[in-house]
Amino acid sequence: MTADLSPDCALVLFSGGQDSTVCLAWALERFARVETVGFDYGQRHAVELDVRPKLRAALAALRPEWKARLGDDHIIKLDALAAISDSALTRETAIEIADNGLPTSFVPGRNLIFFSFAGALAYRRGARHIVAGMCETDYSGYPDCRDDTVKAMQVALTLGMDNRFTIHTPLMWIDKAATFAMAEELGGAALLALVVEDTHSCYLGDRTHRHDWGYGCGECPACKLRAQGFATFMSRRRTK
Ligand code: ZN
């Protein structure tokens with residue numbers, strides 16, 4: 001896949017998960033300079049944060065032009081988010097669907113906070129573009145993943161910093177299966193293999209059980225979504 005290269009700088013919200021890894025590849029294909037930001041907010045399992053440097057290095061190794069475009073990585077510590085959150089990601093409680101229909105892993109407004117910090121950092125780094133992996137298609141109904149929320153944040157950041165920001169969400173309208181397909185399209189079999197092997201989705205931080213779709217407990221909502229997405233991706237590929 002080749003896209004027109006923008007001379008601009010983009011900041012990618014990069015957690016080390018499947019979605020943000022594909023978003024990073026997407027940005028490396030499009031922007032002359034790409035920086036990454038990760039948020040450390042007392043996640044119960046820091047597996048995702050651990051795999052970030054490895055994934056960045058592996059992406060840079062895939063293509064010389066990606067290596068040339070990949071800039072600094074930033075980690076922002078958000079201890080305050082953990083302090084005000086009462087959720088399964090930050091407390092030792094089971095991950096299940098609560099009465100309001102949202103998984104208990106939901107941290108209210110988490111992405112609003114991420115975007116605010118990302119906007120401030122992007123401003124300081126001269127990045128007009130913010131790239132994030134939010135998706136409305138097969139997610140669990142997180143209101144801060146919705147397209148309207150993201151568009152509202154784009155307006156809020158643009159007005160609040162008097163600086164034109166564009167928030168890109170390349171995965172907003174595609175499902176997990178199409179995200180696997182996008183990885184393959186952007187970086188071939190090597191990127192697909194990297195996404196399967198090294199990105200992390202499991203809420204429980206399980207890196208001991210290896211499935212055809214990668215590592216995980218296989219039971220939590222994130223594992224189920226990923227397993228189902230991979231199966232659909234493989235079946236779509238067979239019927240092409
Ligand atoms: Zn899991």
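All ligand and atom numbering here is 1-based and tracks the order in the structure.
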Sequence-distant partners of K224, salt bridge (charged side-chain N to carboxylate O under 4.0 Å, His left out), two or more places apart: none
D144 and T149: side chain donor to acceptor below 3.5 Å: no
Salt bridge (charged side-chain N to carboxylate O under 4.0 Å, His left out) against K151, all qualifying residues, sequence neighbours excluded: D147
ring-ring contact (aromatic ring centres under 6.0 Å, His included) partners of H211, counting only residues at least two apart: W213
Pair F14-V131, side-chain contact (heavy atoms from CB on, under 4.5 Å): steps then yes or no: CA-CA 9 Å; F14 180 55; V131 181; over 6 Å; no
Within-4.5 Å side-chain heavy-atom neighbours: H200 and R207: yes
Protein N, O or S atoms lying under 2.8 Å from the Zn ion (ligand 1), listed by chain and number: C202 SG, C217 SG, C220 SG, C223 SG
